[in-house]
Amino acid sequence: MPGQNGATDDPPASETPKEAEHGTYRVDLSAPDPAAGIRELRNCEGGSHVVTFTCRGCGSKDTARVVDLGAQPCADHFPPVATAGEDPRWPLELWLCRSCTLVQLGPVEPQLPEPPLAIESATSLAHAETSVKEILRDHPEIAGGVVHEFASHHGGSWLGHLRAAGCRTTEGDERADLVVDVHGIAHEPVVGEMLRLRADRLAPSGLLVLEFHHLLPLVEGNQFDTIRHGHWSYLSLGAVVRLAAIHELVVVSVREVNLFGGSLQVMLRHESAGIGADDSVREVLAREAAAGIDAEPRLTTLHEHAVTAATALHDMLAGYQADGRSVVAYGAPSKAPVLLDLAKVGPDLLPFTVDASPAKHGRRIPGSGVPIRSIDDLRAARPDVVLVLTWDIVDEVMSQLEADGAGWGATYVVPLPEPHPVTTADAVNDAGRR
């Protein structure tokens, strides 16, 4: 059985076992856990082993596995096309903490750190500029103040715009008037500890802004491809409220933004500042409660919905092939591997995809093996159908390919919540909701 490092040799029977099997993977009993000891094993009746899991947010052991997408390749590992052999895989599971309601990756530690190969979309860059303008409009006292940003390797930095407004960054252990984390904390294995660090950076009267992909649209929109290795937590507002209280923080307001399929921009302050939650917080919490995303019954439906959508995508592409219609994809995002793997889509149904990042050209989507080429190759191929894997910026993709009348009458398809064609009008309307 493969271990976390891909090794397959079993220890001699005379040795004390250092690993115990659980499904398709093993749990290391000897080495300290890289994520602050989130795993442990428990002997059960009959000598079997059961994995128990300690919440990455609050430390509770009252957790349950709610989604199991099987063994999946590492989402940010794009090997060169010519790389031989199977891509390494790890279990991809979501677990729910019943205490703080944090939804998170289960006991797995991918060991393939990859440098970021993506480039920022125009949508993401525009969002950063707009967000800073709105924050400074709502909190003019921050202009010219001290700021600190916990950066995400996905980009989205606010610092350039904040500096343009006269702000300066912290020096040493200095506390900040504004602390910003834009899609960074979800990439931290131990989210509770990372929230403490952000609270420690915040001045007594300061404002902490957390922006993250919201669990509510993930569940309601069947955005299962956003579940991937490297995204350790899938945050709801309810979970943030509970985790914030542990660190004497309070959520005071919320702004919904249509970025990455639906994100939340959450404003927090120290409890000692004496500022309570406004109506925006209560409204989002009520919607989350109505959707049931803090409990197992609703969350466990994600697997069934994912399989249904993935199967439909395979059947759609097979149907296009049977009809003699050519298909090429746009985008090589980190969410593509799990989508194509669950759909059992490889180069036989999808000859290649294209991406704006030159660093990804000549590589392939892990697992499926679909090659990644330049956007010029898509334009030269003029396929009948363009499958938009970066579905969250479909309006930007269509505008780029159709600019100045350069389109060729292709049908654009997005894969979620179930695969369906989209028109330019659909894309424009979606962009307008941003």
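When reading the values below, keep in mind they use all heavy atoms of this one structure, side chains included, and skip hydrogens, waters and symmetry mates.
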Which atom of Val327 lies closest to which atom of Pro351, heavy atoms considered: O-CD, 3.2 Å
Separation of Leu235 CG from Leu210 CG (nearest 0.5 Å): 8.0 Å
Leu264 and Phe212, any side-chain heavy atoms less than 4.5 Å apart: yes
Closest contact, heavy atoms only, Gly57 versus Leu102: N-CD2, 3.6 Å
Pair Glu134-Arg255, salt bridge (charged side-chain N to carboxylate O under 4.0 Å, His left out): steps then yes or no: CA-CA 10 Å; Glu134 291 175 342; Arg255 180 181 291 126; 3.6 Å; yes
4.5 Å side-chain heavy-atom contact, Tyr412 and Val414: no
Residues Arg168, Glu174: salt bridge by 4.0 Å N-O rule: yes
Beyond-backbone contact of Val328 with Val386, side-chain heavy atoms, under 4.5 angstrom: no
Donor-acceptor under 3.5 Å (Gln72 side chain, Leu342 main chain): no
Steps toward salt bridge (charged side-chain N to carboxylate O under 4.0 Å, His left out) verdict (Asp68, Arg65): CA-CA 8 Å; Asp68 184 356; Arg65 185 174 64 183; 3.7 Å; yes
Over all atoms of both residues, closest heavy-atom pair of His187 and Trp232: O-CD1, 3.3 Å
Ser357 side chain to Asp355 side chain, donor-acceptor N/O pair below 3.5 angstrom: no
No-hydrogen, no-angle side-chain donor-acceptor test under 3.5 Å, Arg269 and Ser205: no
Whether Asn222 side chain and Pro417 backbone form a donor-acceptor pair below 3.5 Å: yes
Side-chain donor or acceptor of Arg56 paired with backbone N/O of Gly192 under 3.5 Å: no
Pair Arg364-Asp87, salt bridge (charged side-chain N to carboxylate O under 4.0 Å, His left out): steps then yes or no: CA-CA 11 Å; Arg364 56 179 168 80; Asp87 296 320; 2.6 Å; yes
Side-chain heavy atoms of Cys97 within contact of Gln104, under 4.5 Å: yes
Polar side chain donor-acceptor pair, Gln223 to Tyr234, under 3.5 angstrom: no
Any Glu296 side-chain heavy atom under 4.5 Å of Leu96 side chain: yes
Glu288 bridged to Arg298 by N-O distance under 4.0 Å: no
Ion pair Asp200/Arg175, N-O distance below 4.0 Å: no
Any donor-acceptor pair under 3.5 Å from Trp408 side chain to Pro383 backbone: yes
Side chain proximity check, Val209 to Val266, heavy atoms < 4.5 angstrom: no
Shortest non-hydrogen contact from Val284 toward Val254: CG2-CG1, 4.2 Å
Worked check of side-chain contact (heavy atoms from CB on, under 4.5 Å) between Val354 and Phe352: CA-CA 7 Å; Val354 303; Phe352 65 93; 3.7 Å; yes
Donor-acceptor contact below 3.5 Å, side chain Glu149 vs main chain Ser157: no
Approximate separation, where rounding is to 0.5 Å, of Glu193 CD and Arg198 CZ: 10.0 Å
Residues Asp392, Lys335; criterion salt bridge (charged side-chain N to carboxylate O under 4.0 Å, His left out); working and verdict: CA-CA 11 Å; Asp392 53 304; Lys335 53 178 171 262; 2.8 Å; yes
Greater than 12 external heavy atoms within 6.0 Å of Glu141's CD: yes
Lys360 side-chain N/O to Ala332 backbone N/O, donor-acceptor pair under 3.5 Å: yes
Atom pair OG1/CD1 of Thr130 and Ile135 - distance to nearest 0.5 Å: 12.0 Å
Step-by-step side-chain contact (heavy atoms from CB on, under 4.5 Å) determination, Ser236 to Ile293: CA-CA 8 Å; Ser236 64; Ile293 63 169; 4.0 Å; yes
Beyond-backbone contact of Val394 with Tyr330, side-chain heavy atoms, under 4.5 angstrom: no
Any donor-acceptor N or O pair under 3.5 Å, side chains Glu396, Thr123: yes
Close side-chain approach of Leu105 and Leu94, heavy atoms under 4.5 Å: yes
Sub-6.0 Å ring centroid separation between Phe260 and His183: yes
Side chain His270, main chain Leu202, donor-acceptor under 3.5 Å: yes
Phe53 and Trp95 aromatic ring geometry - parallel, tilted or perpendicular at 30°/60° bounds: tilted
Cation-aromatic face contact Arg363/Phe78, 6.0 Å, 45 degrees: no
Pair Ser326-Asp384, side-chain donor/acceptor within less than 3.5 Å: yes
Verdict with reasoning, Leu92 to Val338, per side-chain contact (heavy atoms from CB on, under 4.5 Å): CA-CA 9 Å; Leu92 186 58; Val338 67; 4.0 Å; yes
Distance, nearest 0.5 Å, that separates NE2 of His148 from CZ of Arg201: 4.5 Å
Ser131 side chain to Gln265 side chain, donor-acceptor N/O pair below 3.5 angstrom: yes
Where Ser99 and Cys58 come nearest, the two heavy atoms and their spacing: CB-SG, 4.1 Å
Reference residue Val388; test side chain to side chain contact (heavy atoms under 4.5 Å, CB included); the match among Val422, Thr353, Val413, Val397: Val397
Atom pair CG/CD1 of Leu218 and Ile227 - distance to nearest 0.5 Å: 5.5 Å
Check against side chain to side chain donor-acceptor pair (under 3.5 Å), Glu418 and Thr308: CA-CA 8 Å; Glu418 290 196 2; Thr308 297; 5.5 Å; no
Side-chain donor/acceptor of His361 to backbone N/O of Ala356, under 3.5 Å: no
Arg242 and Thr101 side chains, donor-acceptor separation under 3.5 Å: yes
Working for side chain to side chain donor-acceptor pair (under 3.5 Å), residues Ser280 and Asp278: CA-CA 6 Å; Ser280 67; Asp278 67 12; 2.5 Å; yes
Distance-minimising heavy-atom pair for Ile142 and Cys167: O-SG, 3.4 Å
CA sep, side-chain torsions, deciding dist, call: Val281, Val252, side-chain contact (heavy atoms from CB on, under 4.5 Å): CA-CA 7 Å; Val281 177; Val252 296; over 6 Å; no
Inter-residue atom distance Glu304.CD - Thr301.OG1, 0.5 Å rounding: 7.5 Å
